[in-house]
Amino acid sequence: MSRFAQARYLIEKAARVAVVGHLRPDADAVGSVTAMVSALRFLGKKADGFIGQAQPLPANLRSIPGAEEITVSAELPPVDLVIAVDCGSLDRTGGLADAVAAAPDCLVIDHHASNPGFGTVNIIDAEAESTTLILFRLFSTLGVELDATLAHSLYAGLVTDTGSFRWGTPRMHLVAAELMKTGIDTRRIAEELIDGNSVGDLQMIGSVLSGVTLMTVGSLGVAYLVADADTIYGHSASAVESLVDFVRVVDNAQLGVVFKETSRGRWAVSLRSSSMDVSRIATRLGGGGHVPAAGYTTSGRVDTIVQELVTVLEELSD
Ligand code: AMP
Ligand code: MN
Ligand code: MN
């Protein structure tokens with residue numbers, strides 16, 4: 001049986017389904033949750049979406065239809081099936097990890113190459129530009145009707161995980177074209193998800209960018225930004241997440257890094273490169289991700305966490 005057929009079997013025999021996206025979600029995680037929930041409801045299932053964290057979803061992601069209904073929680077109701085979407089590992093389900101592991105069945109749908117396949121059935125396609133692109137294909141085999149609401153959710157994951165269609169295969173455009181045929185307003189979706197900034201957010205971005213540092217580790221150039229808690233406090237998550245795009249491609253640097261202090265002394269670190277495998281670096285530091293884009297979390301003072309990264313870069317270059 002193909003993996004899609006196995007997935008279909010799990011879905012058909014379930015009456016109650018929980019759909020779980022990764023903690024600190026992005027638009028692919030939220031769009032995958034909302035799309036999967038709405039597809040399951042179309043198929044007559046009782047379905048709800050969950051993210052395993054305490055913080056509410058960032059405002060820009062709440063523009064995705066159905067996102068307001070997602071429960072942020074460390075508990076799941078009794079269900080027959082959990083569907084984990086865009087989660088590269090069980091850890092990434094956050095506070096829900098124990099509940100996901102205890103579910104009668106778990107269907108994993110993801111596009112992280114590092115995914116170990118923690119479900120009963122695993123659809124892991126590392127070539128897929130976004131998890132929502134895999135869902136687009138799954139929905140057609142399940143006979144789910146594509147309407148503008150569903151297309152909006154799928155498009156949200158696709159437009160963001162491809163860097164606004166800057167990287168990916170011709171398929172991303174073909175799928176985008178199918179989604180656009182439903183009449184979705186792609187200009188408005190991009191404004192709500194990506195482009196919207198307040199004056200205060202722009203000032204924060206300017207202040208973080210003015211501290212950009214270029215360092216060399218052996219023969220490697222590293223451009224990094226430090227976004228400390230005082231600077232980013234109260235600013236929109238989308239503005240903070242946009243910082244990494246400024247260091248993705250910097251002259252004389254092969255690696256771009258943003259250190260984001262999410263709470264006092266706790267840091268979420270984003271790594272980007274177009275010439276080296278950053279998922280190796282992130283994995284060494286307890287995180288994960290894709291070859292060109294990965295991340296990890298750490299704690300400590302700025303100089304300590306910069307040095308921690310330098311040490312790993314030196315080890316990997318040996
Ligand atoms: P970000 O830098 O947060 O945009 O994340 C880039 C990629 O790395 C995404 O595909 C994430 O799923 C992955 N990633 C980020 N942080 C972590 C983490 N702490 N653990 C595992 N994967 C991560
Ligand atoms: Mn994601
Ligand atoms: Mn994704």
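Numbering of ligands and ligand atoms starts at 1, following listing order. When reading the values below, keep in mind they use all heavy atoms of this one structure, side chains included, and skip hydrogens, waters and symmetry mates.
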### Summary
Residue pairs passing the ring pair (Phe, Tyr, Trp, His ring centres under 6.0 Å) test with at least one member in residues 249-299, sequence neighbours excluded, are His111-His290, His112-His290, Tyr224-Phe259
### Task
Considering only non-hydrogen protein atoms, determine which one is nearest to atom 20 (N) of ligand 1 and report residue, atom name and distance to 0.1 Å.
Gly287 CA, 3.4 Å
### Message
I'd like to know if the side chain of Asp228 pairs up with that of Thr231 as donor and acceptor (distance under 3.5 Å, no hydrogens or angles considered).
### Response
yes
### Query
Strictly by modelled atom types, are Asp86 and Thr131 linked by a side-chain donor-acceptor pair under 3.5 Å?
yes
### Task
Just let me know how Arg92 lines up against ligand 1, side chain, backbone, both or neither, with a heavy-atom cut-off below 4.0 Å.
side chain
### Query
What is the closest protein heavy atom to atom 13 (C) of ligand 1, and at what distance does it sit?
Gly288 O, 3.4 Å
### Summary
Nearest non-hydrogen protein atom to atom 15 (C) of ligand 1, with distance, is Gly295 CA, 3.5 Å
### Message
With a 4.0 Å cut-off on heavy atoms, is Ala293 in contact with ligand 1?
### Response
yes
### Query
How would you list all residue pairs meeting salt bridge (Lys or Arg N to Asp or Glu O under 4.0 Å) that involve residues 98-113, not counting sequence neighbours?
Lys13-Asp105
### Task
Look only at the side chain of Glu69 and the backbone of Asp48, and say whether a donor-acceptor pair between them is shorter than 3.5 Å.
no
### Query
Any chance the side chains of Thr71 and Ser73 put a donor and an acceptor closer than 3.5 Å?
no
### Query
How far is atom 19 (N) of ligand 1 from its nearest protein heavy atom, and which residue and atom is that?
Tyr296 CA, 3.6 Å
### Task
Would you mind running through ligand 1 and noting each atom that sits below 4.0 Å from a heavy atom of Gly289?
8 (O), 13 (C)
### Distance filter under 2.8 Å, centred on the Mn ion (ligand 3) - protein N, O or S atoms that pass it
Asp28 OD2, Asp86 OD1, His111 NE2, Asp161 OD2
### Summary
min-distance N/O/S atom, His22 vs the Mn ion (ligand 2), resolves to NE2
### Query
Of all the non-hydrogen atoms in the protein, which one sits nearest to atom 2 (O) of ligand 1, and at what distance?
Ser270 OG, 2.6 Å
### Message
For the CD atom on Glu75, are there more than 12 heavy atoms of other groups (residues, nucleotides or ligands in this structure) within a distance under 6.0 Å?
### Response
no
### Message
With heavy-atom distances below 4.0 Å as the criterion, list the atoms of ligand 1 near His290.
### Response
10 (O)
### Query
Is it true that the side chains of Asp277 and Ser279 contain a donor and an acceptor less than 3.5 Å apart?
yes
### Query
Does Gln254 offer a backbone N or O that forms a donor-acceptor pair with the side chain of Ser273 under 3.5 Å?
yes
### Task
For Arg264, enumerate each residue passing the side chain to side chain donor-acceptor pair (under 3.5 Å) test, keeping only those at least two apart in sequence or located in another chain.
Asp230
### Query
So, Thr169 and Glu127: side-chain donor and acceptor under 3.5 Å apart, yes or no?
no
### Task
Using a 4.0 Å heavy-atom threshold (strictly under), name the region of His112 that reaches ligand 1: side chain, backbone, both or neither.
side chain
### Task
Could you tell me the residue and atom name of the protein heavy atom closest to atom 4 (O) of ligand 1, and the distance to it rounded to 0.1 Å?
Arg272 NH2, 2.8 Å
